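Naming: A, B, ... by sequence-line order, numbering from 1 per chain. Treat the numbers as computed from the prediction; the structure is a model and nothing was measured.
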Amino acid sequence: MSYKEYKGLSLPEIDKTILEFWEENKIFESSMESRKDAPTYVFYEGPPSANGKPGIHHVMARTVKDMFCRFHTMKGKLVERKGGWDTHGLPIELSVEKELGITKEDIGKSITVDEYNQKCRETVMMYKDMWDDITVKMGYWVDLDDPYITFKNEYIESVWNLLKRLYDNDYLYKGYTIQPYSPAAGTGLSSHELNQPGCYKDVKDTSAVAQFRVIKNEAAEFLFETAEEDVCFIAWTTTPWTLPSNTALALGKKIDYVKVKTYNAYTGEPVSVILAKDLIKKWFKEGADELDFDAYQKGDKKIPYRITGEYKGAKLVGLRYEQLLPYVQPDNGDAFKVLHGDFVSTSDGTGIVHIAPSFGADDMMVGKQNGMGSLTLVDKQGKFTDDVGEFSGRYVKDYKDDPNYKNVDIDISIKLKTENKAFNVQKYSHNYPHCWRTDKPVLYYPLDSWFVRTTKAKARMVELNKTINWKPAATGEKRFGNWLENLQDWNLSRSRFWGIPLPIWRTADGTEEKCIGSVADLRDEVEKSIQAGHMETQLTKDFDLHRPYIDDVILTSSKGEPMKRELDLIDVWFDSGSMPYAQWHFPFENEEKFNPDSYRGYPADFISEGVDQTRGWFFTLHAIAVMCFDSVAYKNVVSTGLLQAKDGRKMSKRLGNTVEPFKAIEDYGADAIRWYMMSNSAPWENLKFDLDGVDEVRRKFFGTLYNTYSFYALYANVDKFYNKEAQVPLEKRQEIDRWVISLLNTLKKEVNKDYSDYEPSRATRKIMTFVDEHLSNWYVRLCRRRFWKGEKNEDKIAAYQTLYECLVTIAKLIAPVAPFFADFLYKNLNDATGAEASNSVHLTDFPKVEESVINKDLEQRMDYAQRISSLVLSLRKREKIRVRQPLTKVLLPVLDDDFRSQVEGVKNLILSEVNVKDIEYITDTSGIIKKKIKPNFKTLGRKLGKNMKSAAQLIGGFDQDAIAEIEKTNGYTFEADGESIRLTLEDFIITSDDIEGWLVANDGPLTVALDVTLTDDLKAEGIARELVNRIQNIRKSRDFNVTDRIKVTLQANDALNPAVNQFGDYICNEVLATSLDLSANVSGAEEVELVDDLVVGILVER
RNA sequence: CCCGAUGUGGCGCAAUUGGUUGGCGCAUCCGUCUGAUACACGGAAGGCUGUUGGUUCGAGUCCAACUGUCGGGACCA
């Protein structure tokens, strides 16, 4: 079978061909089947939600996942890749509500919970086909046939089992917290919802500074100068409606406070107020401290004041004050006391903070810490309860769009003013969160919630995190590490409908509760309940564990009381954090995957998601693993960066700068996109995605590789080389063969290391350099003649074998990143030769390094050759001498014998590459080399330390004689601080960058001069080579076969005579001519310009 | 406001972990080869490494502050 040849490179075409091949031959399945008894490399797929369309950033994330799974498969591991779908959560509820045109309030009214959930179930998979499609098209190998789905009963049962484990180990508790709550929508809001654009709005509210009268007792004595003095703490609030619920004040221990004597602006009564010293200027007019107190009249614009005391906050802590609006007293703790709060600042307000524990998270916290009671005088509709006097029943904000709504904040302020309790009332503009659905202001409200006591496992979580290999490390140490250090308990409750129900049942009085850990347990409990008369029948076989059905399950307590389920659902993050276990329905099935003797399925060796999952999936996986199994959930984690538009901004539909993934793949091929993404920068950097960059990858990398293959295929077919011949031993091959094989093995080694270290950009860049610079632009270019010239002898076979090995190896090295092209290349080669048994590159093993063929001397030698050639070419260019014009010699200064012998080894390569006859080495003794000396800072730094500067200056001043002396004596003795320090040759870098009387070029330590003298012989040879070139061009333009013999006739011209006479045989040989004649009159000749001003006629006949 | 990442020719990225001549690709300009026809190859030009200060004999690299960008969190009185 011959090698396939193609008209041109089309990556999208290759995608299609290879996809078809994979499907027909079940390559993905085979790649796992063939490893089924091998050690595992465990990968977890973070489930996407199929209710949104896949974007180009998913291609990025999944390329990372795919490539490491493919790599480890090739390394001989069994890599199971179970796909999954995230099916619960708010986005799904929202899209359903949007589709049906309903809101949360309608659920249970205009639509039953049953119907609602049914709709969710359908919506969840809305774009599943599209996801499956992109998965296939981008070449992501993941098991789509048997994915885990978070809404399935099996999945839920596993989650319940985890919850039960937590419950049994005292990790679950019910408690109050202050959460954002929308009275208008009647629902709590997640911080996620609050962070949606537009939620924080600038609003003008009535703000009040209230006066809290200090109770004069022993502790407070020091504040009072006279018995009648009215001393008040003043505290500012932008939500006066919380004032009736005030139970404490908070200030900072270290903050300086003052007592200021003044008059109340509204009543004109004398009063002494306490506030932070830093904030005096905010509340008192400049110069008013000099006004006459007795002259003050009620209503004066400037109110006189005097500072009459100064105290540290610590001294005020513990003092008591009179309740501001005494409608109700708290019965659940102490009240009306001054506390210390860390959060108190003097950036605004008065430095004293009004605390209503029911309406602020900080308030709640500081209140709890100090045993304070709370008042919740606003109900869930957002109106005052019945015991708030004249305010009873009034809405604290306009939640009902009532045209007659009267602002309660204002009325409360007025009441305070008239009762001499308001120090200041004014409009205040600030940023306040609003419910994104109703557009109404949010309240912070105490809500019942179930919590996971993650704080209890904090130390262990921190400890185990240190064993995880994070890419990049900073994400694990800093971002995730800091987050763990500041861990709060995990609020598990969500008051929604579509999600996993909390499996906890309680008696009405809350004295007894049960946590259910499996369906079997549930059935047992139901059985008991039936006997107790709370239920009539056992659950059906396929009983849906979702709401509303589960809510109808009533259990029975030890005393025979009915127990009802806590209505909450759990946070969907718990769903996804449970996937290691729930995807296998553990512990009800697949226990062997979790067997500590083998651990074939747990924990994961590798996961990867976007960095935004740090506090999401990465955390929940970790938390659940640590709390339930005292284990990590993953050993290696790559957190990928953001995919931005090419202008560095976020991709968004609004800006119209999104890249459509299907179209991109259709246009450029999946591999170009994958390779671009992996090679452009490390996966955790943000990627500015630019299709021009993808196109560049296609041209430069895949184009070059394709051409290299095409070249190989063209000649190998002509020579019928199918790699059946015995391998020519390396020592019998040419040096350039040994070189490229050496480099290839170095490449294998490094790529293997980079892939193993999760460093795809390093690996891909090295491969690109090898393919472009070394394989194509050096090996193939220099060896081109070997492939088409002469018989199929040993040297030719060696060349084929060498190039074949390079190409096959490259196919394997790129297979994880560019799975389509890799298989295309591999199959084109291997299908023709049958050298390996595999019919796909993805079933082969990753190439093993042959250390014995790595020859660093050889690599360095060739590096010299490449660089010296480049220098000579640049000199030619500067002198405007074309490459086809041969020259006599290159001059090369030699500083040590090693260098000379290295160059000697590649001399012929250099000479033919740059078309020069000889290399002349010049040594010291010639006297024309100018040397330069430089300190070697790396070694000198240790020896000299502070004396570096003077040493560097001294060394810089060395002349040729001094340098010669150093070389002769192998060093130099340096005097400093009365000490003499012996420096060796190693401490200097001696180079030669000039040759007297010659034009030179240099590159680092290399220096090259070119003899540009042209003799008649050289000119004739130059012409001969130009002729060869022109005749070849004519052959090509006539579409002659590469093997056709020709007859050449030249229009006679004196300038051609020397060339034809001396180099006629050479010309004939090169162009496969049987004759080469000069004729005075050639008809049908092509007129061609040979060199400047020399036009000749050439006739080429078959 | 807090935390993290990041800032290197016009653009996208490197720099052996602190060593003195800061590389590569694209784009630009000028050329050139080829029995690989793929806009391939070569060359040139292009930089006060965000700013300021510090540590050090020596800083793109370490530290601090500031500043721009991105992300995460908090947003309260």
Quiz item: Under 3.5 Å, is there an N or O donor on one side and an acceptor on the other linking the side chain of Ser776(A) and the base of A40(B)?
Solution: no
Quiz item: Syn or anti: how is U52(B) classified when any glycosidic angle within 90° of 0 counts as syn?
Solution: anti
Exercise. Sort out the partner of A45(B) for me: Watson-Crick or G-U wobble, both distances under 3.5 Å, none otherwise.
Key: none
Practice problem: Give one of base, sugar-phosphate or nothing for Arg615(A), where a contact means two heavy atoms less than 4.0 Å apart. | Solution: sugar-phosphate
Quiz item: Partner of G4(B) by Watson-Crick or G-U wobble geometry, both contacts under 3.5 Å, or none?
Solution: C70(B)
Exercise. Would you mind classifying the nucleic acid contact of Arg784(A) as base, sugar-phosphate or nothing, using non-hydrogen atoms under 4.0 angstrom?
Key: base
Quiz item: Just checking Ser710(A): base, sugar-phosphate only, or nothing, at a heavy-atom cut-off of under 4.0 Å?
Solution: nothing
Quiz item: Between atom CH2 in Trp483(A) and atom P in A5(B), what is the gap in whole Å?
Solution: 18 Å
Quiz item: Counting any heavy atom closer than 4.0 Å, what does Asp363(A) reach on the DNA or RNA strands: base, sugar-phosphate only, or nothing?
Solution: nothing
Practice problem: Evaluate whether the aromatic ring of Phe937(A) and the six-membered ring of the U20(B) base sit under 5.5 Å apart, centre to centre, with an inclination under 30°. | Solution: yes
Self-check item: Check: Asn707(A) side chain, A38(B) base, donor-acceptor under 3.5 Å
Solution: yes
Exercise. Mind checking Pro433(A) for me? I need base, sugar-phosphate or nothing, with any heavy atom below 4.0 Å counting as a touch.
Key: sugar-phosphate
Quiz item: With a 4.0 Å cut-off on heavy atoms, is Asp362(A) in touch with a base, just the backbone sugar-phosphate, or nothing at all?
Solution: base
Exercise. Give the rounded distance in Å between these two atoms: CD of Glu609(A) and P of G71(B).
Key: 19 Å
Self-check item: Exercise: do Asn717(A) and Glu5(A) side chains pair donor with acceptor under 3.5 Å
Solution: yes
Self-check item: Polar side-chain atom of Asn1029(A) near backbone of Arg1025(A) as donor-acceptor pair, under 3.5 Å
Solution: no
Quiz prompt | Side chain of Lys700(A) (C-beta onward), nearest among C41(B), A15(B), A40(B) | solution = C41(B)
Self-check item: Watson-Crick or G-U wobble mate for C26(B), both contacts under 3.5 Å
Solution: G10(B)
Self-check item: Protein-nucleotide distance (Glu773(A), atom CD; A14(B), atom P), rounded to Å
Solution: 18 Å
Practice problem: Take the protein atom CG of Asn686(A) and the nucleotide atom P of C70(B), then report the distance between them rounded to whole Å. | Solution: 10 Å
Exercise. Select base, sugar-phosphate, or nothing to describe what Asn1029(A) touches, counting heavy atoms under 4.0 Å on all strands.
Key: sugar-phosphate
Quiz item: Are Trp236(A) and Asn424(A) close enough that a side-chain donor and a side-chain acceptor fall under 3.5 Å?
Solution: no
Quiz item: Side chain of Thr238(A): nearest nucleotide among G43(B), G4(B), C76(B)?
Solution: C76(B)
Practice problem: Using a 4.0 Å heavy-atom cut-off across all strands, classify Val1071(A) as base, sugar-phosphate, or nothing. | Solution: nothing
Self-check item: Point-to-point distance, once rounded to the nearest 0.5 Å, from CG of Leu807(A) to CG of Asn828(A)
Solution: 10.5 Å
Exercise. Choose from C76(B), G42(B), A15(B) the nucleotide whose nearest atom is closest to any side-chain atom of Arg762(A).
Key: A15(B)
Exercise. Send over the distance from Lys282(A) NZ to A77(B) C1', rounded to a whole Å.
Key: 11 Å
Exercise. With heavy atoms under 4.0 Å as the rule, sort Tyr706(A) into base, sugar-phosphate or nothing.
Key: nothing
